[in-house]
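Everything below concerns the one structure shown next.
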Amino acid sequence: MAALFATIAICVRIAILRAEPILRTRVIETLSTRFKSRVELAELHVWIANGLHVGGKGLKIYGATDPNPWQDGVQPLLEIGEFRFQTALRNLFRERMYVDTIFVDSLTMNIPPAKDRQQMKNLRGRSGKMSITVEHFVCAGTKLVINTEHPGKPPLEFDISSLQMIDMGPAQPLRFVATLVNPKPVGDIRSNGLFGPFTETSPRDTAVAGAYSFTHADLGTIHGIGGILSSTGQYAGTLGRIEVNGETDTPDFRVAVSGHSVPLHTDFHAVVDGTDGDTYLDPVQARVLHSSFTANGKVVRMNPRGHDIELNVIMGQARIEDLLLLGVKTSPPIMSGKVQMRTKFSLQPGAAEITDRLRLAGRFHVADGYFSNEKVQTRIDGLSLRGLGKPKLLHDAAQITVPSDLTGTFTLKHGMLSFSSLHFQVPGTDADMKGQYSLDGNTFDFHGQLKMDAKLSQMTTGWKSILLKPVDPFFSKHGAGTEIPFKITGTRDEPHFGTDFHHKTENSIADR
């Protein structure tokens, strides 16, 4: 009996000694034939226990990022830290070995820049045969790195915490289920779809398609904004150019400068350009409260790591109070009404507050606007009645609410809205002005010209009207009954309306 066990042990040892070089040759030959490139395998270990067990380390498959992929120092296309699989012992002696599942740890796929594709297409791979067939791949700690052709620009990286793939047959794509780690906002993206067949002579052209879901993503991990985001969508294309159609919902979206939470929904089409990692948005359809707008542009990847967002935004059906609630700290918003706007939106990368990084430049039109501050609206109502030459109705001004019409050209920088032109109109009165308004509501500073239909003497009653008649000609200019310089200064809560004769008087027009 002892002799029998000794014989079996010797046979097993011989089988293992013969299995290792056989398997090493098969692994290298299969991969070299498949990828038409050099393959390195640092370690391979074989043991027999209820079948044949194989484990390896340091597997490198060299894609052609160089005209000669067999040259030392070339970056590997695929790099595997460790792998292992189990199969029946009899498979070792078959012409084509069948393996049900290979387990892989630390897989890195390096996709070369687009400029290397022609070099790769000119390559001739080593002759050989595919002597191993694998049905399932289970990968942990996978990283996809798409290198750019722009010097100084970091590669586009995707961390994949778990990846399972099923081989559907020769020249067919792999079916996969993956979980990607999204760094900002922090969360896991779950995706399933098809990958391949792998194009070894031009990896960027390898097809990929699938669907994704991204839930409970905390936008608070992005400096300057907050809210919990969820997103679903589909994507298709190649590793070098992925088109995405999806939607997002953030029921409590907020910008730090205002702190107000508003529901935000978007539907978007985007293209991820694998040549430089930039994302092109065309279009994004967004909805905030009762307002909708369209945007297109791109998200530019910068070095050091960060993103420069450049968008063209068009608002055709929006409410000014919704926009102010989102971007201005004061509550309630200073004004309500319909708004149309076109603006260039720029958010520069960096760790500074979002108000210091955000830039806007555009033009807007507010129709039928009403001020939420009762003191301001009362002044506007009185101004309109005086401009119409109806001062006797001022005692009924509380029952009269006059809509305002505003058109302007603006820029936003460092939290300050600057208006290079601002036209204000109510019945009987027009104003053209320039000035600034801070997003925190602490600064009003506008100066301009006020034009009214009525003459100066018609804006008041009694003896004041008689005394003002001689000076009417001095203020009747450019076809207006009255034209005078004016200003609005102070804060949102304490605005001051006054004439602006060389900045010497604060006499309120509405108090005359």
Side-chain angles (χ1 to χ4, degrees), residues 320 330 332-337 366-408 419 421-437 441 443-512:
I320 187 65
T330 54
I334 188 174
M335 176 178 277
S336 62
V366 176
D368 297 327
Y370 294 91
F371 291 90
S372 60
N373 185 300
E374 185 177 354
K375 183 184 296 186
V376 174
Q377 186 62 50
T378 299
R379 294 284 183 95
I380 297 299
D381 298 337
L383 183 63
S384 177
L385 291 173
R386 292 183 186 278
L388 291 169
K390 299 178 180 180
K392 293 181 179 181
L393 298 179
L394 286 173
H395 66 279
D396 295 325
Q399 284 75 45
I400 300 173
T401 303
V402 177
S404 300
D405 188 283
L406 288 93
T407 302
F419 296 86
S421 68
L422 183 61
H423 180 74
F424 169 82
Q425 182 177 12
V426 293
T429 302
D430 288 83
D432 289 293
M433 51 189 147
K434 300 179 181 180
Q436 294 182 320
Y437 169 62
T443 300
F444 269 89
D445 187 19
F446 290 91
H447 301 264
Q449 294 292 319
L450 196 63
K451 298 178 182 180
M452 289 159 282
D453 295 346
K455 295 183 182 300
L456 197 60
S457 62
Q458 296 172 331
M459 297 182 196
T460 187
T461 60
W463 63 269
K464 290 183 179 180
S465 176
I466 297 173
L467 291 176
L468 289 173
K469 281 185 179 294
V471 299
D472 281 345
F474 296 100
F475 294 94
S476 295
K477 302 175 183 178
H478 308 110
T482 301
E483 180 178 341
I484 57 174
F486 82 108
K487 62 183 175 182
I488 307 174
T489 58
T491 68
R492 172 192 175 274
D493 296 324
E494 291 294 334
H496 302 291
F497 296 73
T499 55
D500 197 21
F501 296 105
H502 305 292
H503 299 273
K504 291 182 179 180
T505 179
E506 293 289 338
N507 294 331
S508 171
I509 297 168
D511 290 339
R512 288 191 174 190

Item checked: Sub-4.5 Å side-chain heavy-atom contact between Leu468 and Lys455 -> no

Note to self: Closer than 3.5 angstrom, by distance alone: can the side chain of Thr460 be matched with the main-chain N or O of Ser465 as a donor-acceptor pair?
What the structure shows: no

Next item on the list: Check whether any side-chain N or O of Thr482 sits under 3.5 Å from a backbone N or O of Phe475 as a donor-acceptor pair, and report yes or no.
Entry: no

Check: What's the spacing between Lys464 NZ and Lys469 NZ if we round to 0.5 Å?
Finding: 16.0 Å

Checklist line | Side-chain heavy atoms of Met452 within contact of Ile484, under 4.5 Å | finding: yes

Next item on the list: Step through it carefully: locate the ring centre of Phe446, locate the ring centre of Phe419, and say whether they are under 6.0 Å apart.
Entry: yes

Check: Is there a donor-acceptor pair closer than 3.5 Å between any side-chain N or O of Ser476 and the backbone N or O of Gly481?
Finding: yes

Next item on the list: Would you give the length of the straight line joining atom CD of Gln436 to atom OG1 of Thr489, rounded to the nearest 0.5 angstrom?
Entry: 13.0 Å

Margin query: Checking the side chain of Gln377 only, and the main-chain atoms of Phe371 only, is there a donor and an acceptor separated by less than 3.5 Å?
Written below: yes

Item checked: Interatomic spacing from CD in Gln449 to CD in Glu483 - rounded to 0.5 Å -> 5.0 Å

Notebook entry, point to check: So, the side chain of Ser384 versus the backbone of Ile380: is there a donor-acceptor pair under 3.5 Å, distance only?
Noted result: no

Item checked: Spacing of OG belonging to Ser336 relative to CD1 belonging to Ile320, to within rounding of 0.5 Å -> 9.5 Å

Notebook entry, point to check: Quick one: which of Val426, Thr429, Leu383, Leu388 gives a side-chain contact (heavy atoms from CB on, under 4.5 Å) with Val402?
Noted result: Val426

Margin query: Please report the interatomic distance CD1(Ile488) to NE2(His496), rounded to the nearest 0.5 Å.
Written below: 12.0 Å

Notebook entry, point to check: Between CG of Asp405 and CG of Asp368, what distance do you get to the nearest 0.5 Å?
Noted result: 7.5 Å

